[in-house]
Q: 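Okay, handing you the structure first.
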Amino acid sequence: MINSTVILGSTGSIGRQSAAVCERLGIRVPALAANRSVELLLKQVETFKPEYVSAADPEANRQLREALSGRDITVGPPGEEGLRIAAAWPGADCVVTAVSGAIGLRPTLDAIKTGRRIALANKETLVCAGGIVMRAARERGAEIVPVDSEHSAIFQCLTGRSGELKKILLTGSGGPFRGWTREQTATVTPEQAVKHPNWSMGAKISVDSATMMNKGLEFIEAMHLFGVSPEDIEVLVHPESVVHSAVELVDGTVIAQLGVPDMGLPIQYALTYPERRPSASGRLDLTSLAGLTFMRPDFEKMPCLALAMDCARRGGNAPAVMSAANEAAVGAFLAGKLGYNEIYESVAWVLGRIGFIAEPSLEEIIASDGEARTLFKERYS
Ligand code: MG
């Protein structure tokens, strides 16, 4: 188990739950970074007494600086720089990367350079630059322990095994609009899309779960984390969200990880690994379940999943372009500027207009990401 951790994105859904686990287990938090929730960030400062804190939003950063003036704490700069300093802050065993989107990429690489554990909750980082990130982690001896519930499940099923994996069974609930037709989803509002039936999550990932883009991003995340090809991963729709994912081993045995849908569990495991500690989570009562169902995805009704799996097979800069366009599209949808069905349409439109790079460098990935966002903005706002 780790003794101390930095939390990036400490006021978001995963960040708040990570802070709660740290408080309960007595894990020290020497550095915190958030975007704009100054009030909550100040409460976290009182709880953890960190040496460093930053807010990415310029106005929030100004307020934070004012509130903490005269105190013995370093207030970092706004923007990505503040996150990067937090990620590499000395004296931590781990960094929880709980920011949303590609902004997590460089801070994650900075944290990897220090050789500390990454409790990875920022899937976009692996989607954009999985090859580069995993190589850097191997070179520096930095452990990457997934926080995403499906990947935590796979990680738990594979712990202690090597060379025995045949296939990953990646489960997903199908989101709130499972089975809906294109006509039915045309009028979906942001309020409807952020209400997930089983999981309580941030706005961006909730919309991604509704469109099933989240499962597509997780597909790519799993390829990198576990070093497997697209053919080695099968997506299963599992509406009850009890089996968090499973693995099929070479002899045909299937091992699954089950539990109540509570992100507190995978967060805690990423911090206590390889140990387990008692948790504050509810318990799974198998007798209370009416049944567990599993279906193959209907790609016609889940075009974002099909698109992401296609990008996974293409590789290169395609996942980075797709993820950036999706971030822009989800942002526009949440702001009421884009229809629900247009999320898929706009991402596919952007993807078709950006040049393919088979083996992109980090700079080329970041450039492709920027190009995708610019193109989206020009066309859709
Ligand atoms: Mg997940």
Side-chain angles (χ1 to χ4, degrees), residues 9 12-18 21 96-102 104 108 118-128 130 144-158 168-178 193-226 228 233-247 256-271 273 281 284 292 294 297 302 304-305 308-309 312 319 322-323 326-327 330:
S13 176
I14 296 290
R16 290 194 307 268
Q17 295 178 76
S18 301
V21 171
V96 178
T97 61
V99 294
S100 168
T108 304
I118 309 296
L120 187 104
N122 172 244
K123 67 188 73 176
E124 290 88 347
T125 290
L126 283 189
V127 170
C128 303
I144 298 195
V145 185
V147 166
D148 208 344
S149 61
E150 294 79 0
H151 304 76
S152 175
I154 298 159
F155 184 83
Q156 292 179 57
C157 294
L158 289 177
I168 286 173
L169 304 171
L170 181 69
T171 56
S173 72
F177 314 125
R178 181 173 51 85
V194 297
K195 267 198 203 123
H196 194 277
N198 304 337
W199 294 95
S200 151
M201 303 178 291
K204 197 257 175 183
I205 185 172
S206 294
V207 175
D208 284 346
S209 296
T211 62
M212 289 294 277
M213 179 57 92
N214 184 54
K215 210 48 57 187
L217 297 174
E218 289 179 351
F219 187 96
I220 302 169
E221 185 186 6
M223 281 171 52
H224 293 297
L225 266 175
F226 304 108
V228 299
I233 308 174
E234 189 178 342
V235 175
L236 291 175
V237 176
H238 168 47
E240 295 86 8
S241 300
V242 170
V243 172
H244 298 318
S245 276
V247 296
Q257 188 260 345
L258 285 70
V260 292
D262 174 357
M263 286 308 296
L265 271 172
I267 291 169
Q268 172 166 319
Y269 188 68
L271 300 177
Y273 168 80
S281 167
L284 179 63
L292 296 177
F294 301 90
M302 300 169 178
C304 285
L305 175 60
M309 286 170 68
M322 179 200 71
S323 181
N326 179 60
E327 265 188 59
V330 171

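Predicted model only: the values in this text are computed from it and were never measured. Whatever order the structure lists ligands and atoms in, that order sets their numbers, starting from 1.
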Q: Mind checking whether Tyr269 and Phe155 have parallel, tilted or perpendicular rings, split at 30° and 60°?
A: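 Ring orientation of Tyr269 relative to Phe155: perpendicular.
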Q: Answer yes or no: is there a side-chain heavy-atom contact under 4.5 Å between Ile233 and Met309?
A: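 Sidechains of Met309 and Ile233: no contact.
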Q: With respect to the Mg ion (ligand 1), what is the nearest N, O or S atom of Asp148?
A: OD1
Q: Have a look at Glu150 and say which of its N, O or S atoms is nearest the Mg ion (ligand 1).
A: OE1
Q: Can you see whether Ser152 engages Gln156 through a side-chain donor-acceptor pair at a distance of less than 3.5 angstrom?
A: yes
Q: Measure the shortest side-chain to side-chain distance between Asn214 and Lys123 over non-hydrogen atoms and say whether it is less than 4.5 angstrom.
A: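 A side-chain contact exists here, since the closest heavy-atom pair is under 4.5 Å.
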Q: So, of the N/O/S atoms that Glu218 has, which is the nearest one to the Mg ion (ligand 1)?
A: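 Distance check against the Mg ion (ligand 1) picks out OE2 in Glu218.
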